[in-house]
Number of protein chains: 2
Amino acid sequence: MSLRQFEYALAVAEQGSVTAAAELLRVAQPSVSQQIRSLERELGVKLFARTATGLVPTVVGRAFLREAEVAVNASRRARATARAGADDLVGELVVAAQMGFGTRQLPGALGTLRRRFPRLEVTVFEEPSSAELERLCRRGVLDLALMAACERSPANAHHLGDEEFVVVLGAGHPRLAADRVDLRELEGEPWVRFDRDSALDGVLLNVLRDNELTPTTVARVSQTATAVRWAAHGLGVTLVPASAVPHGHEHLVRPVFPVVSQPVIAVVRPGAGPAETALFDLLRQETWHKAASFSPVS
Amino acid sequence: MSLRQFEYALAVAEQGSVTAAAELLRVAQPSVSQQIRSLERELGVKLFARTATGLVPTVVGRAFLREAEVAVNASRRARATARAGADDLVGELVVAAQMGFGTRQLPGALGTLRRRFPRLEVTVFEEPSSAELERLCRRGVLDLALMAACERSPANAHHLGDEEFVVVLGAGHPRLAADRVDLRELEGEPWVRFDRDSALDGVLLNVLRDNELTPTTVARVSQTATAVRWAAHGLGVTLVPASAVPHGHEHLVRPVFPVVSQPVIAVVRPGAGPAETALFDLLRQETWHKAASFSPVS
DNA sequence: GTACTCGAACTGACGAAGGCTCATCGGCTC
DNA sequence: GAGCCGATGAGCCTTCGTCAGTTCGAGTAC
């Protein structure tokens with residue numbers, strides 16, 4: 001069975017004869033006749049009854065033609081979609097973000113993208129594991145990935161900006177009296193950490209090591225919102241990207257000294273099309289400056 | 001573009017590589033590779049991105065594959081429908097009935113047909129013009145036709161039974177006192193007749209001629225229900241098939257003498273399939289005896 | 001850091017199958 | 001009897017598949 005046979009059969013049904021259908025299709029009459037007969041032979045049923053003035057669909061032929069028409073129409077939409085994709089932005093964009101990074105910038109860029117290109121669909125998911133995210137990039141299943149830069153960032157990474165990290169303290173914590181917190185003063189504090197092998201936990205480990213702090217783990221969580229909430233309740237302190245702090249917790253947040261920030265990169269698939277490129281451009285236009293959430297820059 | 005290319009592309013997307021897709025499709029790997037590239041060349045877009053470990057759909061590729069899957073699924077349903085049609089009764093049956101004939105028998109048979117074969121769809125329409133009905137039969141667009149027999153009935157006509165005609169009188173009409181009406185006694189009565197060239201009018205003309213009655217036309221109508229209603233209101237008298245008398249008018253109806261009946265034939269399309277045959281068998285099982293509506297026969 | 005191996009896609013040649021045109025024939029209708 | 005329609009057969013061209021081989025990138029061993 002082929003689309004060509006479907007189109008020939010539909011034309012015969014519509015025109016009422018093989019000769020008229022052949023004229024419409026701009027092929028010779030025997031070509032249509034042969035294709036119809038070949039289709040009937042393959043299916044083992046008579047799709048058309050032969051009359052002196054032409055062909056008419058049989059009972060089962062009509063049912064068959066209904067589905068054949070669905071197939072032909074879908075193939076026309078497929079072609080139109082592909083053609084449109086070469087010029088306009090249609091299709092399905094797959095984006096992954098390393099959890100905690102770009103939590104405010106990515107939605108902003110996606111909102112603008114959707115308004116400009118309504119026919120473009122976007123699938124976004126967060127990926128906690130750095131190794132897994134890099135593996136997905138290498139496999140090519142992602143159109144664009146947002147992640148923290150590290151020593152094994154891919155060669156096609158583009159630096160977007162820096163994500164500043166802040167400490168979240170419990171309500172009533174004495175360090176809230178200051179505008180910012182010296183990391184050394186957090187010696188002995190229990191930490192709400194993230195899952196092992198996650199980028200966020202890697203950042204914390206580096207910070208603790210660089211400041212000669214002993215990591216005392218009170219909990220391990222998967223979500224940044226959970227970490228912030230538990231820290232706010234006084235379970236311990238936690239270190240998260242500033243953009244990941246939910247509304248309503250700003251009063252429990254303090255920048256740290258020395259400043260902790262992580263360069264954020266976008267990895268775009270090699271040979272990117274117009275959709276990925278558009279999103280990348282929008283992400284670059286977002287605000288990625290240091291301490292963005294505390295000293296607004298126009 | 002072809003269904004084969006769609007199937008290959010969907011397999012590649014699902015399996016993640018040309019080699020795995022080829023194995024699934026039981027063809028050699030270069031065959032799949034060539035079909036994918038040929039499709040991309042024809043469309044002028046990249047449907048897949050090449051990676052070291054295989055192919056992955058691009059943004060536009062995913063949109064394309066969605067429609068391609070619709071087309072492939074429809075073609076599978078088309079094939080299944082055709083195959084089922086060869087064994088079971090699926091499809092769309094087209095039936096025409098000459099107006100006024102088989103008005104009770106046809107619905108009965110169709111009801112039974114629908115209960116037995118739920119997947120079979122039936123389209124029925126009434127056709128007033130004998131000539132037009134015969135033309136449709138010759139053109140082969142009908143699977144089955146019900147009509148009054150006449151001198152130019154097709155060779156493949158099957159006699160089902162006879163349709164008795166009755167006269168409808170106005171309320172208060174003196175002839176209602178008798179159990180039946182002698183046609184000669186209707187001399188001078190005005191007639192509610194049917195459209196010219198209709199089978200029902202042909203029957204009336206023959207009856208009037210045979211009984212040496214002068215046709216006085218008071219109205220011409222298209223519907224049997226309209227003729228009965230107008231006669232009931234005393235506009236004139238009318239002659240209709242017994243089975244066409246609506247409920248609630250039986251008391252105004254009388255058989256006539258000499259008896260007027262018309263043989264009813266079913267014309268089945270040459271090379272009929274199981275659906276037409278089934279309906280024909282059911283119609284033959286219906287009650288077609290003379291005066292069926294007045295002397296019930298089990 | 002380099003060399004080797006493995007897996008994957010791509011390329012070219014060749015044979016088989018499919019699709020089209022052309023010429024023709026048989027059947028039906030007007 | 002003329003015209004229209006579908007079907008048939010021959011011949012040619014295109015498409016599809018296989019086979020053998022090449023190229024490229026990633027992973028591993030040294």
Side-chain angles (χ1 to χ4, degrees), chain A residues 1-9 11-13 15-42 46-58 61 131 134-141 152 154-156 269-271, chain B residues 1-9 11-13 15-42 46-58 61 131 134-141 152 154-156 269-271:
Chain A
M1 283 196 329
S2 68
L3 286 174
R4 182 198 307 273
Q5 287 175 326
F6 289 177
E7 288 170 358
Y8 285 13
V12 168
Q15 299 296 314
S17 81
V18 168
T19 305
E23 192 168 336
L24 184 84
L25 296 160
R26 298 188 188 288
V27 294
Q29 175 264 324
S31 181
V32 178
S33 181
Q34 282 163 1
Q35 291 289 355
I36 298 299
R37 287 167 62 85
S38 173
L39 183 57
E40 287 178 326
R41 190 162 49 243
E42 177 183 339
K46 278 291 178 191
L47 300 175
F48 292 92
R50 272 70 176 172
T51 76
T53 56
L55 270 58
V56 290
T58 58
E134 286 167 26
R135 197 176 70 78
L136 291 173
C137 286
R138 275 204 304 281
R139 278 182 53 197
V141 293
R152 37 178 215 277
N156 54 336
R269 183 221 293 283
Chain B
M1 282 196 331
S2 68
L3 286 173
R4 181 199 308 275
Q5 288 175 325
F6 289 177
E7 289 171 357
Y8 284 12
V12 168
Q15 299 297 314
S17 81
V18 169
T19 306
E23 192 168 336
L24 184 84
L25 296 160
R26 298 188 188 287
V27 293
Q29 177 266 326
S31 181
V32 177
S33 179
Q34 283 162 2
Q35 290 288 355
I36 297 299
R37 285 167 64 87
S38 173
L39 184 57
E40 286 179 326
R41 191 162 47 241
E42 177 183 338
K46 279 291 178 191
L47 300 175
F48 292 93
R50 273 70 176 170
T51 75
T53 56
L55 270 58
V56 291
T58 58
E134 285 166 26
R135 197 177 71 77
L136 290 173
C137 286
R138 274 203 306 279
R139 278 182 55 195
V141 294
R152 43 178 210 274
N156 55 336
R269 180 221 293 284

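Computed over heavy atoms, backbone and side chain alike; hydrogens, waters and symmetry mates excluded.
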* Structure fact -> CD of A:Q35 to CD of A:E7, rounded to nearest 0.5 Å, is 11.0 Å
* **Stretch residues 32-40 of chain B: residues that reach within less than 4.0 Å of DNA chain C through a heavy atom** => B:S33, B:Q34, B:R37
* Between NZ of B:K46 and CZ of B:R41, what distance do you get to the nearest 0.5 Å? -> 9.5 Å
* Find out whether B:L3 and A:F6 are in side-chain contact, i.e. whether some heavy atom of one side chain is under 4.5 Å from a heavy atom of the other. => yes
* Is the number of heavy atoms from other residues, nucleotides or ligands within 6.0 Å of CD (A:E23) greater than 12? -> no
* In a check of side-chain contact (heavy atoms from CB on, under 4.5 Å) between A:V32 and each of A:T19, A:L24, A:V27, which one passes? -> A:V27
* List the steps and the verdict of side chain to side chain contact (heavy atoms under 4.5 Å, CB included) for B:L39 and B:Y8. => CA-CA 10 Å; B:L39 184 57; B:Y8 284 12; over 6 Å; no
* Please test A:I36 against A:L47 for side chain to side chain contact (heavy atoms under 4.5 Å, CB included), starting from the C-alpha separation and ending with a verdict. => CA-CA 8 Å; A:I36 298 299; A:L47 300 175; 5.9 Å; no
* So where does chain B start and stop touching DNA chain C, 5' to 3', when the test is distance under 4.0 Å to a non-hydrogen atom? -> C:dA8 to C:dG12
* So what does B:Y8 touch, heavy atoms closer than 4.0 Å: a base, only the sugar-phosphate, or nothing? -> sugar-phosphate
* Structure fact -> Note: contacts of residues 15-29 of chain A with DNA chain C (heavy atom, under 4.0 Å) are A:V27, A:A28
* Could you check how far CZ of A:R41 sits from C1' of D:dA7, rounded to whole Å? => 12 Å
* Interatomic spacing from CG in B:L55 to CD in B:Q15 - rounded to 0.5 Å -> 12.5 Å
* **Nearest-0.5 Å distance that lies between atom CD in A:E42 and atom OG in A:S2** => 8.5 Å
* Between the side chain of B:Q34 and the main-chain N/O of B:S31, is any donor-acceptor distance below 3.5 Å? -> no
